[in-house]
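Note sheet for the following structure.
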Amino acid sequence: MVREEIVDGFQNAPHRSLYHALGLTAEEQRRPLIGIVSSYNEIVPGHMNLDKITEAVKLGVAMAGGTPIVFPAIAVCDGIAMGHRGMRYSLITRDIIADSTEAMALAHGFDGLVMIPNCDKNVPGLLMAAARINIPTIFVSGGPMLAGRVNGKKTSLSSMFEAVGAYTAGKIDEAQLRVCEERTCPTCGSCSGMYTANSMNCLTEVLGMGLPGNGTIPAVYSARIELAKRAGMQVMELVKAGLKPRDIMTEASFRNALTADMALGCSTNSMLHLPAIANECGIEWDLDMANEISQRTPNLCHLAPAGPTYMEDLNEAGGVYAVLKELAEIGLLDTSVKTCLGRTLGEAIQNAENRDPEVIRPVERPYSSTGGIAVLKGNLAENGCVVKRSAVAPEMLVHEGPARVFESEEEAIGAIYAGKIRKGDVVVIRYEGPAGGPGMREMLSPTSAIAGMGLDKDVALITDGRFSGATRGASIGHVSPEAASGGLIAYVKEGDLISIDIPNYSIQLKVDEAELAERKKTMEIRKKTDAKGCLARYAQMVSSADKGAIINRYA
């Protein structure tokens, strides 16, 4: 549907009467109608500034001759939802956001869209919607938070979760914990490390759907307001050119995004979201592609939690485009793909500059010759599992230890804080997958507890759930098939040896086949019986994690 179908002609006089009820003049009705999808709310710190971004976008659209019309999208703060039942509702909002945005956009016949997301599932949900609706669209996020400052050192939300573990272990006192609490998150914005929100906002630039700086300009900088105005103006150029999301987000664009993901050291959640967005574009996604691209892509950035730099540092160093320029110089990108700038990616990054080779390592001096994420396979994860390799201590890249088995995140956290986890253990948390959770909870609390107690170089954690981008250590998630689907993780017993070999992409449960066959006869697969409403519906419809935990399959 286009605007003319509901505005022009005598038969649409009733529609126009309702536009007059909105206070829209006849002149405004004749201009392109631009839907502005604002994710503003007052509970998510990364979204509390989106009212200002929205107003700036509206001004940009109006300056360029369009009529801006705002409608909302929801968002969940993963940090606030962490560690309790609220986290079951995080991943499912990705599909709710995509569905509701599709409904609003197509019911009202917009000529173009400006998506204003910022945190976690909000960004991929709106990217999915953009591909599905497929009218000219541009993204401008709310921007990252500035890093906190505690005892003269920069900090971020992952530091705060780890401080809880340090307090539990007696490494800091209550007064020190309070200082961390008050100084770790000093501004609005998406949390300041390379967590899920910032990962996806950066990849939005790589996919060609956001202007340069979209992923890195801090939320509190005036440059973010300028960017929003420019996005509002640029969507009008996209409308004139008829350039649509599926013209921009091609198979080559997704390979570029995965390459940049490896160089930046993005969140493992990107291995859920990129397949889901690609699916909406009708593009087949193979999880094995991650290792293929990782093998030839150097890891150039160690942003928190992998290292001591933050999004503000990446911005000062030249941002995402500076990283892309490094990758393009060694032929790792398809620079012929289109972008929302109306230019090819190669043209867009031509003047990019790496202004800080310690924040963005040059390709000849990377942190590692392989990318930040690895997909492991073996009998424990026949269809794959995912680890943020760039955030794993070297001594944990290869590890073998006894399984410590827990049926939920809460059970595991209780054991960790009670001091029941020992050096060398492999913590297994199951029945937290997309269907089994349901909702595939993100588990920053147990990984941070392990790190805060000083065990991150000695203990691995494996789950069919997922991890926050704020997680560090040998934290292996997305185990597929999940326990609720009869995956081998459902049959692990306390004390079983588990072998992890990240450099060789391997994960094995070292139990013989006869024993496993017997366990499958006697151990019952648990089914969640208390899920209601949208959680119950999600559990019935969702795919496995290796397919992106998607609801609708289009590719």
Side-chain angles (χ1 to χ4, degrees), residues 1-40 50-51 53-74 95-117 125-140 208-211 228-250 280-282 338-342 552 554:
M1 181 182 290
V2 293
R3 179 186 58 86
E4 288 82 358
E5 292 180 85
I6 59 172
V7 174
D8 294 346
F10 73 90
Q11 73 277 9
N12 288 323
H15 304 75
R16 293 194 296 273
S17 71
L18 292 169
Y19 282 140
H20 284 296
L22 292 170
L24 293 180
T25 65
E27 291 82 1
E28 287 176 301
Q29 293 180 41
R30 286 194 290 269
R31 296 171 183 164
L33 300 180
I34 306 300
I36 300 175
V37 188
S38 174
S39 303
Y40 169 75
L50 296 190
D51 55 342
I53 301 296
T54 301
E55 288 304 311
V57 169
K58 287 176 66 178
L59 186 56
V61 169
M63 285 193 295
T67 298
I69 301 176
V70 179
F71 64 90
I74 65 168
D95 294 277
I96 295 170
I97 290 163
D99 290 348
S100 59
T101 303
E102 173 195 2
M104 286 293 289
L106 295 182
H108 298 105
F110 294 104
D111 293 285
L113 295 170
V114 182
M115 305 293 199
I116 308 178
L126 289 177
L127 282 164
M128 290 164 64
R132 194 184 299 175
I133 298 162
N134 202 36
I135 62 174
T137 301
I138 197 169
F139 277 66
V140 57
M209 294 298 292
L211 296 175
K229 291 176 185 175
R230 295 193 184 283
M233 291 187 280
Q234 186 60 27
V235 75
M236 296 300 295
E237 297 300 317
L238 298 178
V239 170
K240 289 175 189 174
L243 190 59
K244 300 174 183 178
R246 292 205 294 266
D247 300 326
I248 295 171
M249 291 192 288
T250 62
E280 296 289 347
C281 294
K338 298 174 182 177
T339 72
C340 65
L341 288 163
N552 301 303
Y554 301 115

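Below, each value reflects all heavy atoms present in this structure, side chains not excepted, and no hydrogens, waters or symmetry copies. Note that the structure is a prediction, hence the values are computed from the model and not measured.
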Legend entry - side-chain contact (heavy atoms from CB on, under 4.5 Å) between Ile74 and Ile97, intermediate numbers included: CA-CA 6 Å; Ile74 65 168; Ile97 290 163; 3.7 Å; yes

Restricting to non-hydrogen atoms, name the atom on [X] and the atom on [Y] that form the minimum distance, rounded to 0.1 Å.
X: Met209; Y: Ala130; answer: CE-CB, 4.4 Å
X: Met236; Y: Val61; answer: CG-O, 4.2 Å
X: Ser39; Y: Pro117; answer: OG-CA, 3.8 Å
X: Cys281; Y: Ala131; answer: SG-CB, 3.6 Å

Inset, instruction - Kindly determine whether Leu341 and Leu211 satisfy side-chain contact (heavy atoms from CB on, under 4.5 Å), including the steps that lead there. - result: CA-CA 7 Å; Leu341 288 163; Leu211 296 175; 3.5 Å; yes

Atom [atom1] in [X], atom [atom2] in [Y]: separation rounded to 0.5 Å?
X: Thr339; Y: Ile138; atom1: OG1; atom2: CD1; result: 9.0 Å
X: Ile135; Y: Leu106; atom1: CD1; atom2: CG; result: 7.0 Å
X: Thr101; Y: Ile133; atom1: OG1; atom2: CD1; result: 6.0 Å
X: Asp247; Y: Cys340; atom1: CG; atom2: SG; result: 13.0 Å
X: Ile69; Y: Leu113; atom1: CD1; atom2: CG; result: 11.0 Å
X: Lys338; Y: Leu238; atom1: NZ; atom2: CG; result: 11.5 Å

Mind checking what makes side-chain hydrogen bond (donor to acceptor under 3.5 Å, both in side chains) contact with [X], not counting sequence neighbours?
X: Thr250; value: Ser253
X: Glu27; value: Thr25
X: Thr54; value: Ser38

Inset, instruction - With sequence neighbours excluded, tell me which residues meet side chain to side chain contact (heavy atoms under 4.5 Å, CB included) with Asn134. - result: Lys244, Pro245, Arg246

Legend entry - Sub-4.5 Å side-chain heavy-atom contact between Arg30 and Val7: no

Legend entry - Within-4.5 Å side-chain heavy-atom neighbours: Tyr19 and Thr67: no

Legend entry - All salt bridge (charged side-chain N to carboxylate O under 4.0 Å, His left out) counterparts of Lys58, not counting sequence neighbours: Glu55

Legend entry - By salt bridge (charged side-chain N to carboxylate O under 4.0 Å, His left out) - contacts of Arg132 (at least two apart): Asp99, Glu102, Glu280

Inset, instruction - Report the C-alpha separation of Arg31 and Glu28 in whole Å, then their side-chain angles, then the decisive distance to 0.1 Å, and conclude whether the salt bridge (charged side-chain N to carboxylate O under 4.0 Å, His left out) test is met. - result: CA-CA 5 Å; Arg31 296 171 183 164; Glu28 287 176 301; 5.5 Å; no

Inset, instruction - With Val235 as reference, evaluate Val114, Val57, Val140 under the side-chain contact (heavy atoms from CB on, under 4.5 Å) test and give the passing residue. - result: Val114

Legend entry - Any donor-acceptor N/O pair, Asp111 side chain to Ile34 backbone, under 3.5 Å: no

Inset, instruction - Would you please test Phe110 and Val37 for side-chain contact (heavy atoms from CB on, under 4.5 Å) and show each step? - result: CA-CA 11 Å; Phe110 294 104; Val37 188; over 6 Å; no

Inset, instruction - Would you sort out whether Leu127 and Phe139 count as a side-chain contact (heavy atoms from CB on, under 4.5 Å), showing the intermediate values? - result: CA-CA 9 Å; Leu127 282 164; Phe139 277 66; 3.6 Å; yes

